[in-house]
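These notes concern the structure reproduced below.
Computed from a prediction, not measured in an experiment: that's the story for all the values here. Ligands are counted one by one from 1 in listed order, and the atoms in each one are counted from 1 as well.
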Amino acid sequence: MAMLEIKDLSVYYGVIQALKGISFEVNEGEVIALIGANGAGKTTTLHTVSGLIAPKSGSVIFEGQDITKTPAHKIVSMGMAHVPEGRRVFASLSVLQNLRLGAYTRNDKEEIEESLRKVYKRFPRLEERKNQPAGTLSGGEQQMLAMGRALMSNPRIILMDEPSMGLSPILVNEIFDIIKEVSAGGTTVLLVEQNAKKALSIADRGYVLETGRIVLEGKAQELLNNKSVQSAYLGE
Ligand SMILES: Nc1ncnc2c1ncn2[C@@H]1O[C@H](COP(=O)(O)OP(=O)(O)O)[C@@H](O)[C@H]1O
Ligand SMILES: [Mg+2]
């Protein structure tokens, strides 16, 4: 059984159909890349999986449980975290306050402190800046904070929406290295990216989304070698 099963999901915004019956799976331990152009439906997919948007039809099954109608905060407590597009940190709150908000569904103080230590170990820059307002961080640091905040819920799966957006090439590499580490630490990753080359280079498998439909799927290496993927998404 897959950890996450998306079945025939259709989502509308008013009369506009953003997802046209998409199905895919994420197995435990995998890094899955969902790639596609601007407007393809990537963010809509993640919002629907994490309970922020209700689909018109179809279902989302997480660890055998149907969570299609489960509220977002409950889904977080079940072990799914979402790093939103554009980071969305709370600018006026400190780095530490932002991180603590990521643990809002948890009660055990000791375990929360342990998660905080782990996040600081992975992102030493966040510890150095823990009392600074999040709005004063650079783009790359805000992305790290958004990831750290998601990790504070101690997720079994993490959904990331365009973590490389707007970052310099060096920072993009740094963020992708961190995603690899998160994966190596045992967290399953569903990664949405316009940067298809980078995403596929760290993924096990990938899906290509085009105007609300999955048009191609396969092992990441196969997609990297695929001629139509190369011309449409890899600039080759
Ligand atoms: N809140 C919204 N209201 C109306 N249409 C939306 C909304 N959000 C997204 N859309 C539309 O849904 C489609 C998919 O958008 P989105 O999921 O954001 O794509 P992506 O993340 O791949 O760029 C686009 O056509 C977009 O214009
Ligand atoms: Mg998007």
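Using a 4.0 Å heavy-atom cutoff, Gly212 is absent from the residues neighbouring ligand 1. Ligand 1 has at least one atom lying under 4.0 Å from a heavy atom of Gly41.
Each of the following atoms of ligand 1 lies closer than 4.0 Å to a heavy atom of Ala37: 22 (O). Atoms of ligand 1 found under 4.0 Å from any heavy atom of Asn38 (numbered from 1 in listed order, with element): 23 (O). Of all the atoms in ligand 1, the ones that sit under 4.0 Å from a non-hydrogen atom of Thr43 are 17 (O), 18 (O), 20 (P), 21 (O).
Here the heavy atom of the protein found nearest to atom 17 (O) of ligand 1 is Thr44 OG1, 2.5 Å. Counting protein heavy atoms only, atom 4 (C) of ligand 1 is closest to Tyr13 CB, 3.3 Å.
In summary, Arg125 and Glu128 do not engage in a salt bridge, as defined by a charged side-chain N under 4.0 Å from a carboxylate O. Salt-bridge formation is not detected for the pair Glu193/Lys198: no Lys NZ or Arg NE/NH1/NH2 atom is positioned less than 4.0 Å from an Asp or Glu carboxylate oxygen. Remark: Glu28 engages Arg156 in a salt bridge, criterion side-chain N to carboxylate O under 4.0 Å. Look at Lys118 and Glu113 and you find no salt bridge, because none of the NZ, NE, NH1 or NH2 atoms lies under 4.0 Å from a carboxylate O.
When Gly14, Ala40, Gly39 are ranked by how near their heavy atoms come to atom 24 (C) of ligand 1, first place goes to Gly39.
Counting heavy-atom neighbours within 6.0 Å of Gln65 CD, excluding the residue itself, gives a total of 12 or less.
In this structure the side chain of Lys20 reaches within 4.5 angstrom of the side chain of Thr211, judged on heavy atoms. Considering only heavy atoms from C-beta on, Tyr233 stays 4.5 Å or farther from Leu216 through its side chain.
With 2.8 Å as the limit, Thr43 counts as an N, O or S neighbour of the Mg ion (ligand 2). Inclusion of Glu85 in the first shell of the Mg ion (ligand 2) is supported: an N, O or S atom falls under 2.8 Å.
For the pair Glu85 and ligand 1, the shortest N or O to N or O distance does not fall below 3.5 Å.
When only modelled atom types and interatomic distance are considered, Asp161 and Thr43 share a side-chain donor-acceptor pair under 3.5 Å.
Distance check on atom 27 (O) of ligand 1: every protein heavy atom falls at or beyond the 4.0 Å cut-off.
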